[in-house]
Amino acid sequence: MLTAHWAGSFMGSMEEIINKEKETFLKQISKIQDEQINIFLTQIGEFENNKLRTEYENFSYEIIYRIMELLDGYYNSKLKYELKNIINNTILNKKSNFHDLCTIFLKHS
């Protein structure tokens, strides 16, 4: 039989795992954003152009944000998706929305 204390600490641990996985996922998205902007600016010879970098950060942010809204069911009310880590079966967006976290992890102005 589970005691209330043990069950509470278990749930706290599960929430920590989900939060850590969510953070890891969003940091990877942020890394992809940075890498792709750097590659593009290097290809066009504008790596040091901070104005253009900011424009591409904002542009890529909006695209990623909209995709996260789609996952969260806000872009189209008939569509909502679960984002699941298939290695450990953790659903990352079960209790919270990814699009809200974009402002924390992604570059934009």
Side-chain angles (χ1 to χ4, degrees):
M1 174 176 219
L2 293 176
T3 64
H5 172 72
W6 188 86
S9 64
F10 175 76
M11 291 306 289
S13 297
M14 184 57 88
E15 286 178 16
E16 287 175 20
I17 290 168
I18 292 169
N19 288 338
K20 186 66 176 168
E21 285 202 41
K22 208 177 281 189
E23 179 181 344
T24 300
F25 176 80
L26 288 163
K27 282 182 177 178
Q28 283 299 131
I29 298 292
S30 178
K31 183 179 177 185
I32 291 167
Q33 181 191 32
D34 285 342
E35 289 172 350
Q36 294 309 305
I37 290 170
N38 287 338
I39 289 168
F40 177 72
L41 292 175
T42 300
Q43 287 175 342
I44 64 169
E46 295 286 345
F47 188 79
E48 301 296 327
N49 186 334
N50 288 329
K51 183 178 184 223
L52 192 56
R53 177 177 299 279
T54 299
E55 288 179 28
Y56 279 98
E57 286 172 353
N58 291 334
F59 176 73
S60 61
Y61 170 84
E62 289 298 327
I63 292 171
I64 296 167
Y65 185 87
R66 293 296 181 142
I67 292 169
M68 296 302 171
E69 279 185 323
L70 180 64
L71 290 173
D72 293 335
Y74 285 88
Y75 190 74
N76 181 332
S77 62
K78 296 179 181 178
L79 301 172
K80 183 174 172 92
Y81 300 92
E82 288 182 340
L83 187 59
K84 181 178 180 179
N85 180 336
I86 62 170
I87 294 170
N88 63 15
N89 291 322
T90 302
I91 298 171
L92 300 177
N93 59 337
K94 190 172 189 173
K95 291 186 178 182
S96 63
N97 296 312
F98 271 115
H99 75 278
D100 293 333
L101 300 173
C102 285
T103 58
I104 297 168
F105 288 94
L106 299 177
K107 291 185 179 172
H108 66 289
S109 58

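Values in this document were obtained by computation on a predicted structure and should not be read as measured data.
- For the atom pair CG (Asp100) and CG (Asn93), the distance works out to 11.5 Å, reported to the nearest 0.5 Å.
- Atom CD1 of Ile64 and atom OG of Ser30 lie 8.0 Å apart (nearest 0.5 Å).
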Show the atom names and distances, to 0.1 Å, of all donor-acceptor pairs under 3.5 Å that link a side chain in residues 37-48 to residues at least two apart or in another chain.
{"residue": "Asn38", "atom": "OD1", "partner": "Arg53", "partner atom": "NH1", "Å": "2.6"}
{"residue": "Asn38", "atom": "OD1", "partner": "Arg53", "partner atom": "NH2", "Å": "3.3"}
{"residue": "Asn38", "atom": "ND2", "partner": "Asp34", "partner atom": "O", "Å": "3.3"}
{"residue": "Thr42", "atom": "OG1", "partner": "Asn38", "partner atom": "O", "Å": "2.7"}
{"residue": "Glu46", "atom": "OE1", "partner": "Asn49", "partner atom": "ND2", "Å": "3.0"}

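- Side-chain contact between Met68 and Leu71 is present, with at least one heavy-atom pair separated by less than 4.5 Å.
- One finds the CD atom of Glu82 at 3.5 Å from the CD1 atom of Ile91 (value rounded to the nearest 0.5 Å).
- Side chain of Asn85 to backbone of Glu21: no donor-acceptor contact under 3.5 angstrom is found.
- A search for side-chain hydrogen bond (donor to acceptor under 3.5 Å, both in side chains) contacts involving Ser109 returns Asn58, not counting sequence neighbours.
- With a 6.0 Å radius and a threshold of 12 heavy atoms from other residues, nucleotides or ligands, Ile87 has its CD1 atom at or below the threshold.
- Under a 3.5 Å cut-off, the side chain of Lys22 and the backbone N or O of Leu92 do form a donor-acceptor pair.
- Leu106 is connected to Tyr75 through a chain of hydrophobic side-chain contacts under 4.5 Å among Ile, Leu, Val, Met, Phe, Trp and Tyr, so both are in one cluster.
- Annotation for Lys31: atom NZ does not count as buried by contact number, only 12 or fewer foreign heavy atoms lying within 6.0 Å.
- For residues 60-75, the pairs satisfying salt bridge (charged side-chain N to carboxylate O under 4.0 Å, His left out) are Arg66-Glu69, with sequence neighbours left out.
- Within the structure, ring-ring contact (aromatic ring centres under 6.0 Å, His included) contacts touching residues 85-109 (residues at least two apart or in different chains) are Phe25-Phe98, Tyr61-His108, Tyr65-His99, Tyr74-His99.
- Remark: Ile32 pairs with Gln36 by the side chain to side chain contact (heavy atoms under 4.5 Å, CB included) rule, at least two apart or across chains.
- Under the rule for a salt bridge (charged side-chain N to carboxylate O under 4.0 Å, His left out), the partners of Lys27 that lie at least two apart in sequence or sit in another chain are Glu23.
- A side-chain donor-acceptor contact under 3.5 Å links Gln33 to the backbone of Lys107.
- Both Ile104 and Leu83 are members of a single hydrophobic cluster when ILVMFWY side chains are connected at heavy-atom separations under 4.5 Å.
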